[in-house]
Structure formats: structure tokens, C-alpha cells
Amino acid sequence: MPNRRLALFDLDNTLIPFDSDHAWGEFCVHLGWADGERYRQENDRFYAAYRAGTLDLDAYLRFSLAPLVGRSPEALEAANHAFMQKVVLPQIRPQAINLVQKHQRNGDLCAIVTATNDFVTGPIARAFGVDHLIAVQAERDAAGSYTGGWVGIPSFREGKIARTEQWLAAQGLGWVSFTQTWFYSDSINDQSLLERVTHPVVVHPDPKLADVAHRRGWPVLDLFP
């Protein structure tokens, strides 16, 4: 077997020091695409549930994808560009870029695996120079407009494993194709995928994941000192 290696990265609070899904919700309020304080409160409530490991994913996806519905391609592109310029790019740290590039220089197959939708995360993955993105797929109709729904298995909790396996299978690969596998994450929601790889690494973990990492002896990395 050739010495193939796979490196998977969570995105929010792992490669970037904030949650892009929550931040995009705040940005939708700024754009006037969402109902001000009421939307902000719901956004905060869903984010707290995610951090606690109790998120109702279907309810959250209906909430978070709704602002995309009915927007023109031009408005969506402009909003996405403004979000990247004003919110995302100023917060990308060189330590995170260097981590990804280290794996790329070693010839590892790299992918970002995130529970945030592909509209928000596609440009972020490109900013990191990562060609492969496994994200919640926001549904579009025949005209290319967002419907507020999603396609296939959401890449959340065990869904991250299922979607990763689908992605690998599409390339004629599987877990057994690799001699070493990495996954970097901050969240207890990612425990199942961390347990699936040969090299789990937690990145400034939430309290529940920090406890698991301590008991398992998993390495802890801080990209945002």
C-alpha cells in the first residue's frame, strides 16, 4: 500500500477563531435580510445549543438558510464578498494557514469538514487553499435559486463520517486507503469523527471535548494564542 495520508479539518473555532455560521447570521441582520433583534436572539439560542451538544439540526438549518431565499445571484455574491472582506479574512491567522500548508507540503489529501453550509464556507475554504470542502449542501431549484432546504446528509456529528466516506468513495478511496489519518476539531459534536481517525487532534476544545481529550490522551493544539 502506498503511504497515503488524509488530513481533515473542522472549520469553525478550529481553523478560524469564531463560528462562521453564527457570524453570517449576525451579518444577515446587518444586511437587513433578517428580522433584527428577534433573529439575533434565535441565532444566539441555536449557537448555545450547538456548543452544548443539544442542537436540533433540522430546525437550525431551516432558520439559517432562510435568508438566502429569494435573493438574486448578484445580491448573494455581493453579500458573500462583503462578509469575507469585513468579517472572515481579518480573522484568519497565519498559524492556521501554516497548519494546512504543512499537510499539503507533505502530500496529504486535505479537506475541510464542516456543519456550516457551503454558501458560507465555500469562499473560506478557497481562502485556505483547500480544494475539498464537505459542508451542508444548501438546496437550489432548477433556476439556481436557494430554496431554504438542503441536500443529502448534513455534515454534522455522525453525518461528518458518512459524508467523508461518500466523498472518499467518489474518488475510489476509503479509510483503508490511508496509512495515517488526522482530524482537527474544537467541538464535542465531532467526537465520533475524532475517534475514527488515527490522529485525533483537539484545537482549543470546548469543555466537554477537553475532558474527553484529557481522558484519551489526545493532543491539544492552540492556533490562536
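We number each residue from 1, following the sequence as shown.
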Full working for side chain to side chain contact (heavy atoms under 4.5 Å, CB included) between D10 and V113: CA-CA 5 Å; D10 179 44; V113 189; over 6 Å; no
Pairwise distance CG(D21) to CZ(F63) - rounded to 0.5 angstrom: 9.5 Å
Side-chain donor or acceptor of R71 paired with backbone N/O of P67 under 3.5 Å: yes
Side chains of H199 and Y184, donor plus acceptor under 3.5 Å: no
Cation-aromatic face contact R5/W182, 6.0 Å, 45 degrees: no
Cluster link L133 to L99, ILVMFWY, side chain under 4.5 Å: yes
Exercise: identify the closest heavy-atom pair between W150 and P154: NE1-CG, 3.7 Å
Sidechain-backbone polar pair: R4 side chain, G107 backbone, donor-acceptor under 3.5 Å: no
Min side-chain heavy-atom separation F9-T114 under 4.5 Å: no
Side-chain heavy atoms of F83 within contact of V88, under 4.5 Å: yes
Evaluation steps, side chain to side chain contact (heavy atoms under 4.5 Å, CB included), between F128 and Q101: CA-CA 9 Å; F128 274 90; Q101 290 180 343; over 6 Å; no
Co-membership, hydrophobic cluster, residues V136 and I153, 4.5 Å side-chain: no
ILVMFWY network linking L15 to L109, side-chain heavy atoms under 4.5 angstrom: no
Heavy-atom side-chain contact between Y60 and N43 under 4.5 Å: yes
Separation of Q104 CD from D108 CG (nearest 0.5 Å): 9.0 Å
R163 and Q137: CA distance, side-chain angles, deciding distance, side chain to side chain contact (heavy atoms under 4.5 Å, CB included) verdict: CA-CA 11 Å; R163 289 286 306 283; Q137 292 181 265; 3.8 Å; yes
Heavy-atom closest contact (I161 atom, S192 atom, distance): CD1-O, 3.6 Å
Short side-chain to backbone donor-acceptor contact, R62 and G149, under 3.5 Å: no
Shortest non-hydrogen contact between N80 and P123, atoms and distance: OD1-CG, 3.3 Å
Centroid-centroid distance, W24 to F119, less than 6.0 Å: yes
L11/I16 under side chain to side chain contact (heavy atoms under 4.5 Å, CB included): CA gap, chis, key distance, verdict: CA-CA 6 Å; L11 180 64; I16 55 177; 4.0 Å; yes
Distance (rounded to the nearest 0.5 Å) between N98 CG and R93 CZ: 13.0 Å
Point-to-point distance, once rounded to the nearest 0.5 Å, from CD of Q191 to CZ of F183: 11.5 Å
N/O donor-acceptor pair under 3.5 Å between K160 side chain and D190 backbone: no
Backbone of T181 reached by a side-chain donor or acceptor of T198 within 3.5 Å: yes
Polar side-chain atom of D206 near backbone of I188 as donor-acceptor pair, under 3.5 Å: yes
Separation between NE2 of H22 and CZ of F27, rounded to the nearest 0.5 Å: 15.0 Å
Distance-only polar pair, side chains of S187 and N13, donor-acceptor under 3.5 Å: no
Heavy atoms from other residues, nucleotides or ligands near NE2 of H214 exceed 12 (cutoff 6.0 Å): no
Side-chain heavy atoms of S185 within contact of V203, under 4.5 Å: no
Shortest non-hydrogen separation from Y39 to S64 and the atoms involved: OH-CA, 4.0 Å
Flag side-chain contact, heavy atom, 4.5 Å: D44 against E26: yes
Any side-chain heavy-atom pair of V69 and L65 under 4.5 Å: no
E139 side, atom CD; D141 side, atom CG - distance, nearest 0.5 Å: 8.0 Å
Side-chain (T121) to main-chain (I124) donor-acceptor, under 3.5 angstrom: no
Ionic contact status for R215 with D211, cut-off 4.0 Å: yes
Shortest non-hydrogen contact between V130 and A111, atoms and distance: CG1-CA, 4.0 Å
Parallel, tilted or perpendicular, as decided by the 30° and 60° cut-offs, for the rings of F224 and H204: tilted
Whether Y47 and Y50 hold their rings parallel, tilted or perpendicular, with breakpoints at 30° and 60°: parallel
Cluster overlap L8 with V201, hydrophobic side-chain contacts below 4.5 Å: no
C110 to H103 - nearest heavy-atom pair and separation: SG-CB, 3.7 Å
Pair R51 + D186, salt bridge at N-O below 4.0 Å: yes
Donor-acceptor contact present, side-chain D35 to main-chain R38, <3.5 Å: no
Heavy atoms from other residues, nucleotides or ligands near CD of E77 exceed 12 (cutoff 6.0 Å): no
Same apolar cluster (I L V M F W Y, side chains within < 4.5 Å links), L221/V202: no
Side-chain touch D12/F18, heavy atoms, less than 4.5 angstrom: no
